[in-house]
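Report on the structure given below.
Note that ligands are numbered from 1 as they come in the structure, with each ligand's atoms numbered from 1 the same way.
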Amino acid sequence: MRAVGLHPDVVVVTSRFWQTTCTLVKSGAEAFVIDSPVLPDELELLPAVAEQAGFGVVGALVTHVDWDHLLARYAFPDAPQGMAESSAARLRNEPGAAQRELREFDEEHYVERPGPLTLPGPQMLPVPGHCGIGERELELHPTEGHTVDGMAVFVPWADVLVVGDYLSPVEIPWISESGSVSAYLATLDRLEPLVGRAAHVVPGHGSAIDGERALAILREDRAYLRALRERGADAELPLARRTGAQRKIHAENVTRASSRPSPGRE
Ligand SMILES: [Zn+2]
């Protein structure tokens, strides 16, 4: 697990698994943790990392409710969990899904946890909207397309944008079962001006990148998704993201892009 300070009020912790990111944000004595690392030892260490850096965690936010972003509970069992209404709705509509997928992952990789994942009742946040922290406010922006739910968190005083599973330097756009290409493209349009304001962008997977690099990835991702819609399997993957693992995601995307009623509606 790697911890990098982007600003005196923002520290990003990156998991050894999938490079899943977890962002600590503070204003004065109050800090939030956004998303989570994946492995039990990382979650066990996280409260000490936060404390040493002077982040008094009082709440958890999640960019979306894929299980690998939902594990902060193991590190901060008393922290309420804030999320977009779209995320709360997804948890309601897929009861037990996150727990089941976590169990499958743990079984496959021989990972042992201190106990099953419990999730508190979600605190619904206004998205688009704001969320108070200490004396300041975070900006919340809707992000859908990777999944049916989600939000990006902009930290205006630090110029840091935490996007969840978009703009990753290590992963191509992933249209998961509840996602859609058209919603993904609309999210990229919405993120573009925010990325323009950001000094640092924190993707859900991979290292934090500067705004310029994030903008380049945004354009690559847009080009890839348009090609996916037009040419399906023949769409070219972004140059730096063509590993076997990314080709597998691409194959999954092809089935999702073609299962839509008509290309004109994407
Ligand atoms: Zn993810």
Problem set entry | Between Y184 and Y166, ring centroids under 6.0 Å |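 Yes, ring centres under 6.0 Å apart.
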
Short check: any N/O/S atom of [X] below 2.8 Å from the Zn ion (ligand 1)?
| X | result |
| --- | --- |
| H69 | yes |
| D165 | yes |
| H205 | yes |

For this session: Answer yes or no: are there more than 12 heavy-atom neighbours, outside E230 itself, under 6.0 Å from its atom CD?
Result: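 Yes, because the 6.0 Å sphere around CD of E230 holds more than 12 heavy atoms from other groups.
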
Exercise. Is the number of heavy atoms from other residues, nucleotides or ligands under 6.0 Å of E236 CD greater than 12?
Worked result: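 No, CD of E236 has 12 or fewer neighbouring heavy atoms, counting only those of other groups under 6.0 Å.
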
Problem set entry | Residues in side-chain contact (heavy atoms from CB on, under 4.5 Å) contact with P128, at least two apart in sequence or another chain | P142

